[in-house]
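The next block holds one structure in the form of structure tokens; read it before the comments.
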Number of protein chains: 2
Amino acid sequence: MNSATAGRARRADARRNYEALLTAGKSVFAESGTEAPLEEVARRAGVGQGTLYRQFPTREHLFAAIMSETIDLLDRTARDLLAAPDPWDALVRWLRLYDESAACYQGMTRRVAEGVADDASPVAAACAPMRASFGQLFDRARAAGLVRPDLTALQLFTMISALPKDPTSGTTIPPYLDVVLKGIRP
Amino acid sequence: MNSATAGRARRADARRNYEALLTAGKSVFAESGTEAPLEEVARRAGVGQGTLYRQFPTREHLFAAIMSETIDLLDRTARDLLAAPDPWDALVRWLRLYDESAACYQGMTRRVAEGVADDASPVAAACAPMRASFGQLFDRARAAGLVRPDLTALQLFTMISALPKDPTSGTTIPPYLDVVLKGIRP
DNA sequence: AACGATACGGACGAGGTGTCCGTTTCTCGG
DNA sequence: CCGAGAAACGGACACCTCGTCCGTATCGTT
């Protein structure tokens with residue numbers, strides 16, 4: 001809803017380069033983490049630096065674009081889980097899925113947590129739907145008295161995002177997640 | 001136990017500059033966080049870049065030196081608390097003290113957690129005594145059946161270190177700490 | 001075909017890290 | 001006190017990465 005909103009359609013080469021950069025960004029971020037030099041992204045996409053920065057003014061923009069598919073899946077899953085019978089189980093399932101989704105890009109959850117906390121970040125915009133549906137999932141569990149009442153959805157999300165990851169698997173080390181899940185009960 | 005181990009005593013100006021850099025480092029890190037440009041540390045200490053990097057080859061070395069007083073205090077406190085009657089209460093007290101100790105340098109706990117995880121880091125060496133005494137404090141509580149048995153002292157330490165901080169106070173947002181403390185019970 | 005708009009790409013400036021080496025300063029024996 | 005020689009200084013420098021700028025090339029349309 002952003003690229004095509006104003007003006008005409010973009011030129012064909014621009015669209016092609018956008019896709020190439022997205023693909024290159026995914027492979028670079030997957031290999032070297034989300035802090036990898038952006039120059040390598042441009043190189044691998046076969047375009048110049050200028051083109052990279054025109055399509056994605058900052059690293060955050062590129063990151064948000066790369067994550068958008070994952071975010072969409074998490075959003076849809078959260079909405080599906082709202083229909084699940086057990087609110088607690090649904091919440092836990094979603095959190096585990098979120099954790100696993102982050103495995104392929106080292107540093108992803110930290111970046112998501114920071115992005116979500118800053119309204120001006122493109123990541124915050126990309127995450128808005130997911131944040132809303134996770135909020136519902138969380139509120140349902142809390143309203144059922146399954147989660148301590150002084151905790152907010154955003155706080156839980158931030159906390160889970162900040163948990164240290166196992167460098168080999170990319171996911172959170174099991175006891176960490178268990179500790180938080182036990183700790184948020186009232 | 002390192003500087004004076006081999007060779008003669010260091011020259012007077014070198015010792016003076018070491019102290020000046022330490023003081024400057026504290027003020028810079030306190031003002032601008034532990035990611036602040038090191039050039040500013042040298043400038044504020046009134047020495048050249050070369051001198052800074054000779055005394056502290058990397059940012060980690062400077063950071064470890066700056067933290068050493070705090071680490072010592074935490075180490076001593078942990079050993080004192082071993083004498084406290086309630087193992088759980090002693091553990092909680094120490095963790096809260098650790099959290100508060102980190103308030104003055106933004107980004108400190110994260111850096112400590114990363115340093116402790118890497119044996120080659122000077123931070124790991126600086127933290128070794130504290131880590132050992134905290135380990136005893138933790139093990140005492142766990143042996144008393146007050147902490148889940150599948151958790152290690154290092155894991156808890158890492159987890160607490162990773163919790164997001166309130167930007168204004170510098171300490172962990174209360175519910176986060178409470179969640180973890182509740183979550184680590186068996 | 002040709003023109004205007006759009007997009008390209010790489011040179012460039014800024015800001016930071018860490019190194020290198022000619023010069024200065026300290027220390028100590030005479 | 002003085003004068004070697006070791007120790008330390010400091011800032012220029014090489015390198016990296018980000019993000020910008022602008023002359024040039026390409027696209028799409030008439």
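So you know, we letter chains A, B, ... as the sequences are listed, proteins then strands, and number each from 1.
- Interface limits on DNA chain D: the 5'-most and 3'-most nucleotides within less than 4.0 Å of chain B heavy atoms are D/dA6 to D/dG11.
- The stretch residues 26-74 of chain A participates, sequence neighbours left out, in these ring pair (Phe, Tyr, Trp, His ring centres under 6.0 Å) pairs: A/Y18-A/F56.
- Between atom CZ of residue A/R110 and atom OG1 of residue A/T158 there is a gap of 12.5 Å, rounded to the nearest 0.5 Å.
- Along DNA chain C, the nucleotide closest to A/G48 and the one closest to B/E39 are compared, and the more 5′ of them pairs with A/G48.
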Base-contact (B) and sugar-phosphate-only (S) positions in nucleotides 18-30 of chain C, heavy-atom cut-off under 4.0 Å, - elsewhere: BBB----BSS---

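- Pairs of residues two or more places apart, or lying in two chains, that qualify as salt bridge (charged side-chain N to carboxylate O under 4.0 Å, His left out) and include a residue from residues 143-152 of chain A are A/R148-A/D150, A/R148-B/D178.
- With sequence neighbours left out, A/E100 forms a salt bridge (charged side-chain N to carboxylate O under 4.0 Å, His left out) with no residue at all.
- Residues satisfying the salt bridge (charged side-chain N to carboxylate O under 4.0 Å, His left out) criterion with B/R43, sequence neighbours excluded, are B/E40.
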Would you give me the side-chain donor-acceptor pairs under 3.5 Å for residues 114-128 of chain A, sequence neighbours excluded?
residue: A/D118; atom: OD1; partner: A/A120; partner atom: N; Å: 3.0
residue: A/S121; atom: OG; partner: A/E60; partner atom: OE1; Å: 3.4
residue: A/S121; atom: OG; partner: A/V123; partner atom: N; Å: 3.0

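- Between the P atom of C/dT17 and the CD atom of B/E60 lies a distance of 13 Å, rounded to the nearest Å.
- Pairs passing the ring pair (Phe, Tyr, Trp, His ring centres under 6.0 Å) check and including a residue from residues 66-122 of chain A, sequence neighbours excluded, read A/W94-A/Y98, A/W94-A/F134, A/Y98-A/F157.
- Each of A/A36 and A/T51 was assigned the nucleotide of DNA chain D with the nearest heavy atom; the assignment lying further toward the 5' end belongs to A/A36.
- Evaluation of the salt bridge (charged side-chain N to carboxylate O under 4.0 Å, His left out) rule for B/R11 yields B/D13 as partners, not counting sequence neighbours.
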